[in-house]
> 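Sharing a structure below in structure tokens format, with a few things to ask.
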Number of protein chains: 2
Amino acid sequence: MRTALYHPDRDEISLDKVLHALSDPIRRDIARVMHEQGPRVCGQLDYPIAKSTLSHHLKVLRESGIMHTEVRGTTRVITLRREDLEARFPGLLDAVQVTAPAPEHVLSTV
Amino acid sequence: MRTALYHPDRDEISLDKVLHALSDPIRRDIARVMHEQGPRVCGQLDYPIAKSTLSHHLKVLRESGIMHTEVRGTTRVITLRREDLEARFPGLLDAVQVTAPAPEHVLSTV
DNA sequence: TTCAATGTTCTACAAGTGTAGAACATGGTG
DNA sequence: CACCATGTTCTACACTTGTAGAACATTGAA
């Protein structure tokens, strides 16, 4: 059963959901990696969490409108929806350090 | 028993906690009101929630470093920590529409 | 001192979240 | 076909969260 993956339209992307999605450090880092290294295959992501947990995070990122998922064979290519997010919430990706390097004094953030 | 209210130092303000705090629409609106109308007394805030719930939200905002609380008689004056937040996460308050008016197409956000 | 006003804290609860193991689905390969 | 690789979905669980009522603390005023 192939069901189409849900992606909100640009105008449906909600700030509540985006901020919630980005409040998790792993999800924020996934977004950062997608921006820094371009589209990725899920398996290329390396975090100390279970496959099912990673899948959950990717679902949150996709359903909140932060990334796009394209099925390609057995793998899935995920892409940051940079333009949609920039159009909807200008400066947000920069401000949450997804598209901007963190200033020195921020790196030690707990 | 008067215990000093906890306020994180500027350098201790964590992006995780700030984003989580701002992912709630009521808390984000409180921040917006503080910016727009200056320091407020808690009782001036008008939301359809219980006193204890409002108090909880204010605690989250204070402990995440978003606002400062000053006890003054029986009331408490709350202030947006605009400069600290701007220094720590430049552009964030604007991007989450706390210090910037929402563009037309964003007002209908669900 | 007694009373009222302002908020916080305590307690409780339903809903949501991050986590992971097991099973499943899909697609490529031999 | 059988087999493996990639990820998702199902189920479960402990923890957190937003919510509110009741009691409490503090201060100012009558």
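Residue numbers start from 1 in every chain, and the chains themselves are labelled A, B, ... in the order their sequence lines are given, proteins ahead of strands.
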> Kindly state each residue pair satisfying ring-ring contact (aromatic ring centres under 6.0 Å, His included) with at least one member in residues 15-46 of chain A, sequence neighbours excluded.
none

> Rounded to whole angstroms, how far apart are CG on A/L19 and P on C/dT17?
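Value for this atom pair: 14 Å.
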
> What are the two closest heavy atoms between B/Y47 and B/V33, and how far apart are they?
OH-CG2, 4.0 Å

> Donor-acceptor pairs under 3.5 Å, side chain of residues 49-62 of chain A to any protein atom, not counting sequence neighbours: which ones?
from: A/H57; atom 1: ND1; to: A/R27; atom 2: NH1; distance (Å): 3.1
from: A/R62; atom 1: NH1; to: A/Y6; atom 2: O; distance (Å): 2.9

> Over how many whole Å does the gap from A/L61 atom CG to D/dG7 atom P extend?
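A/L61 atom CG is separated from D/dG7 atom P by 15 Å.
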
> Please state how far atom OH in B/Y6 lies from atom P in C/dT8, giving the value in whole angstrom units.
18 Å

> Using a 3.5 Å distance criterion without hydrogens, assess whether the side chain of B/E86 forms a donor-acceptor pair with backbone atoms of B/G91.
yes

> Take B/R28 and B/Q97 through the side chain to side chain contact (heavy atoms under 4.5 Å, CB included) test and state the conclusion after the steps.
CA-CA 8 Å; B/R28 209 162 60 244; B/Q97 301 166 4; 5.7 Å; no

> Return yes if some donor-acceptor pair links the side-chain N/O of B/D24 with the main-chain N/O of B/I26 below 3.5 Å, else return no.
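Yes, B/D24 side chain to B/I26 backbone: donor-acceptor pair under 3.5 Å.
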
> Rest of the hydrophobic cluster containing B/V77 (Ile/Leu/Val/Met/Phe/Trp/Tyr, side-chain heavy atoms under 4.5 Å)?
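Reading the cluster by chain and number, B/V77 sits alongside B/V41.
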
> Please state how far atom OH in A/Y47 lies from atom C1' in C/dT19, giving the value in whole angstrom units.
17 Å

> Rounded to the Å, how far apart are A/L54 CG and C/dT17 P?
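The distance from CG of A/L54 to P of C/dT17 comes to 18 Å, rounded to the nearest Å.
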
> So, the side chain of B/T99 versus the backbone of B/D94: is there a donor-acceptor pair under 3.5 Å, distance only?
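Yes; at least one donor-acceptor contact below 3.5 Å.
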
> Could you go over nucleotides 28-30 of chain C and give all protein N or O partners under 3.5 Å, atom names and distances?
none

> Return the value, rounded to whole Å, for the distance between atom CG of B/D46 and atom P of C/dT6.
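My rounded result for the distance is 13 Å.
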
> Output the residues of residues 35-42 of chain A in contact with DNA chain D, where contact means a heavy atom of the residue under 4.0 Å from an atom of the strand; sort by number or write none.
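Listed by number, they are A/V41, A/C42.
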
> With sugar-phosphate meaning primed atoms plus P, OP1 and OP2, does A/S55 contact a base, only sugar-phosphate, or nothing at under 4.0 Å between heavy atoms?
base

> Can you tell me the distance, in whole Å, between the CD1 atom of B/I78 and the P atom of C/dT8?
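Going from CD1 in B/I78 over to P in C/dT8 covers 9 Å.
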
> Reading nucleotides 10-23 of chain D 5' to 3', which nucleotides get B (base under 4.0 Å from a protein heavy atom), which S (sugar-phosphate only), which -?
-------SBBBBB-

> Closest approach of B/P39 and B/T79, non-hydrogen atoms and distance?
CB-OG1, 3.9 Å

> Starting from P on D/dT8, measure out to CD on A/E70 and report it in whole angstrom.
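The answer, rounded to whole Å, is 14 Å.
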
> Closer than 3.5 angstrom, by distance alone: can the side chain of B/R88 be matched with the main-chain N or O of B/I13 as a donor-acceptor pair?
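Pair found, side chain donor or acceptor close to backbone of B/I13.
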
> Heavy-atom count around A/Q37 CD within 6.0 Å, excluding the residue itself: above 12?
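It does: A/Q37 CD has more than 12 such atoms within range.
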
